[in-house]
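See structure below.
Side chains are part of it too, since the values below use all heavy atoms of this structure and drop only hydrogens, waters and symmetry mates. Below, chain A is the first sequence line, B the second, and so on; all start at residue 1.
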Amino acid sequence: MYRILEARELAANIYLMVVEAKRIAKRCQPGQFIIVRMDAEGERIPLTICDYDREKGTVTIVFQTVGAGTMKMAELKEGDSFHDFVGPLGCPSEFVNETPQELGKKSILFVAGGVGTAPVYPQVKWLREQGVGADVIVGAKTRDLLILEKEMEAVAANLYVTTDDGSYGRSGMVTQTIQDLVEEGKHYDVCVAIGPMIMMKFVCKMTKELGIPTVVSLNPIMVDGTGMCGACRVTVGGEVKFACVDGPEFDGHQVDFDQAMKRQQMYKTAEGRAVLKLQEGDTHHGGCGQCG
Amino acid sequence: MDVLKKVPVREQEAKVRAANFEEVCLGYNKEEAMEEASRCINCKNAQCVKGCPVAINIPGFIEKVKDGDVEAAYQVISEASALPAVCGRVCPQESQCEGKCIRGIKGEPVSIGKLERFVADWARENGIKPAGAKEKNGKKVAVIGSGPAGLTCAGDLAKMGYDVTIFEALHEAGGVLVYGIPEFRLPKEAVVAKEIENVKSLGVKIETNVVVGKSVTIDELLEEEGFDAVFIGSGAGLPKFMGIPGEQANGVFSANEYLTRSNLMKAFDEESNTPIMRGKKVAVVGGGNVAMDAARTALRLGAEVHIVYRRSEEELPARVEEVHHAKEEGIIFDLLTNPVEILTDENGWVSGMKCVRMELGEPDESGRRRPVVKPDSEFTIEADTVIMSLGTSPNPLISSTTEGLETNKWKCIVADEEYGKTTKEGVYAGGDAVTGAATVILAMGAGKAGAKGIDAYLKER
């Protein structure tokens, strides 16, 4: 069992939990993820690592409620436990293998969208610890859905917040901010974009035009997370890769996003059905379009 | 009684079982087992034992069954095997012990597998446990993976007095016995969990949720966590795909994924939180035991199921019993057929599979006749789900994170057959991680060899 030391809601339907997981806290690196199972009957849910404390042996996760599993998970409180918590899975971000000197020569831009802010944070923080400052764009639908602003501000060289509806910071999509920054004369050698698939697709489209190599982090459907099932396969540069062992980070300019987005829909109906079942209980009357 | 024939074993009727996940074979009762045991002529130079990868004293245990002393029979088996209830169910006896049985020359061999199963089930129902070690020797061994190789190695080492910890990547112990082989062939709660309990009762500890290579490395286990030796039984690895167009479509799964969802995550149960595709027309590509398992699972989930295999029935790598059961249940075999493209609808879902007809040519390196495409034979089969069951390639997680551990050109860990010794000192390996995908019993044999190797190594050191 893996004890929850802290649990709070960051924004509507977005939750942060600090979990005791000594082995993972000791070894995890920016870019990696974990798989969690709430109870003995739970689904295996892959989640990004938002932070870790090697001395305390804790790992921080952030998740958004999207289905029955995460909705039930959101009800967990401090002092409760996860039945299973496994990791760190996937490969660390490539830059962790570079020296601070090499990294110092690079101008790095992070683009975070929505709950994707969580996995961006440990990367920016890690760079800060090496003495490397990076620019960060954080995009949210609206002000109330913006998360980890203060934390990010503390580790980023420059933080640019933008909201789709203009309720806070700049107005518009993250791609607009990228364009603005470049037009203002900013130069970037590399971009790391993490967020909804559709956001990453459009960021990559733009950075390709701008000639900025871009890394994305994919979160496809997964079962075991160790390479065994192949559910998470994605096409990158015409080759089939398993996001759990080859990724989750890939060259964004090589990723077949349209295919990846289609594959993410695979269990939408089944998952949606489970959500409805949970919300409506016995009163469920066929609104899911799947039953009677 | 016809002494040339096996005492028939009771099974669930094909029509009934095709719609449930309960066990197909019901096994012998004591009376039937004693009758079958009486067919054994107790050969002096028993060939059956030579056919058994873990060398169970087969005539020895059968004699005890004949006498009605099932507990004694169980102790004879557990001297050699940690998982008799599993082996009695999933071993390919026809090509091992029973394949060598002298009775088989004139009639049917003694039903050794069903007798082993009876003894193990009886022992479980009557609370009989295997005999443990007399004293501990204080040496620590880490076993990676809790599948058949790992459990066997751990069980043997514990009996010798070692302090053994198994590290399992998934949330539940059992490896392929839990995620791969379906409930209707190998009940999880009733059989697998109990056999794992037996291994634990020998003093073996199991730590789940540890992915060796990620959560901890082998070098750390040896240098920081105080283990004196390591056995790697991490299993087969990454599922293979064909590399044909349309393979990333929604509705195409590896057999590993399909079976893991159903077996480990219990997706066959409507109450499960993990979803599974309940297709109407399912095509399973491949002809091995895993293909049969996937096909029979899909059938039970309500689909019309086709096995699509490029060679003929004779070459099917699956056990005869599995093919027979699959046919009885209504699986359709499209033999000498090979997929060339998976067709999709406008939303990216599988709508069919384009195939070609094959014919058999000259034998290839494997000795099987090579399938050759018949010219102009393209046709389309209807399907909404395709399950690829083409085997696996080794998982690089361990080999890529362990200094000095050599792999061969197929990326399998190099280990000798007799002792499972690898190129790294103190590290032994066996099972699918070494051989590539094989059977439960071969992995168990390798687990035994590894235990022998580790014992010899630590005694010498």
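Around the CD atom of A:E55, the shell of radius 6.0 Å holds no more than 12 heavy atoms that belong to other residues, nucleotides or ligands. Residue A:E129 places its CD atom among more than 12 non-hydrogen atoms of other residues, nucleotides or ligands, all under 6.0 Å distant.
With a 4.5 angstrom heavy-atom cutoff, A:I45 does not touch chain B via any of its atoms. Contact annotation for A:R27: only side-chain heavy atoms (C-beta onward) come within less than 4.5 Å of a heavy atom of chain B. Heavy atoms closer than 4.5 Å to chain A are found nowhere in B:E172, neither backbone nor side chain. For chain A, the nearby part of B:L397 is the side chain; its heavy atoms alone come within less than 4.5 Å. Interface remark: B:Y258 contributes no atoms to any contact with chain A (heavy atom separation under 4.5 Å). Contact annotation for B:A236: neither backbone nor side-chain heavy atoms come within less than 4.5 Å of a heavy atom of chain A. Using a 4.5 Å cut-off between heavy atoms, A:R37 contacts chain B through its side chain alone, with no backbone atom that close. Only the side chain of B:T260 comes within contact range of chain A, judged by heavy atoms closer than 4.5 Å.
Of the residues considered (B:G237, B:S254, B:P239), B:P239 shows the highest number of contacts with chain A, using heavy-atom pairs under 4.5 Å. Your options are B:M388, B:E247, B:E207, and the one with the most heavy-atom pairs under 4.5 Å with chain A is B:E207. For the options B:L238, B:V210, B:N256, heavy-atom pairs under 4.5 Å to chain A are most numerous at B:L238.
Checked by atom type and distance alone, the side chain of B:R300 never pairs as donor or acceptor with a backbone atom of B:F21 at under 3.5 Å. Without hydrogens or angle criteria, B:E168 side chain to B:S146 main chain gives a donor-acceptor distance under 3.5 Å. One N or O on the side chain of B:K266 and one on the backbone of B:N263 form a donor-acceptor pair closer than 3.5 Å. No donor-acceptor pair under 3.5 Å is formed between the side chain of B:N347 and the backbone N or O of B:W349. A donor-acceptor pair under 3.5 Å is absent between the side-chain atoms of B:E257 and the main chain of B:F253, judged by distance alone. In terms of modelled atom types and a separation under 3.5 Å, the side chain of A:R3 and the main chain of A:E20 share no donor-acceptor contact. No donor-acceptor pair closer than 3.5 Å links the side chain of A:Q259 to the backbone N or O of A:D256. With hydrogens and angles disregarded, no donor-acceptor distance shorter than 3.5 Å links the side chain of B:T344 to the backbone of B:G246.
Using a 4.5 Å heavy-atom cut-off against chain B, the contacting residues of residues 77-97 of chain A are A:H83, A:D84, A:F85, A:V86, A:G87, A:P88, A:L89, A:G90, A:C91. Against chain B, the residues from residues 239-252 of chain A that qualify, each with a non-hydrogen atom under 4.5 angstrom away, are A:V240, A:F242, A:V245 in number order.
For A:K125 and A:D51, the salt-bridge test passes: some basic side-chain N is under 4.0 Å from an acidic carboxylate O. Ion pairing between B:K194 and B:E197 fails under the 4.0 Å rule for side-chain N and carboxylate O.
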Intermediate values then yes/no, side-chain hydrogen bond (donor to acceptor under 3.5 Å, both in side chains), B:Q248 and A:R233: CA-CA 8 Å; B:Q248 313 315 320; A:R233 59 194 193 276; 2.8 Å; yes

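Residues B:P148 and B:V176 have side chains in contact (heavy-atom distance under 4.5 Å, counting atoms from C-beta outward).
For the 3.5 Å distance criterion, the side chains of B:D219 and B:T217 fail to qualify, holding no donor opposite an acceptor.
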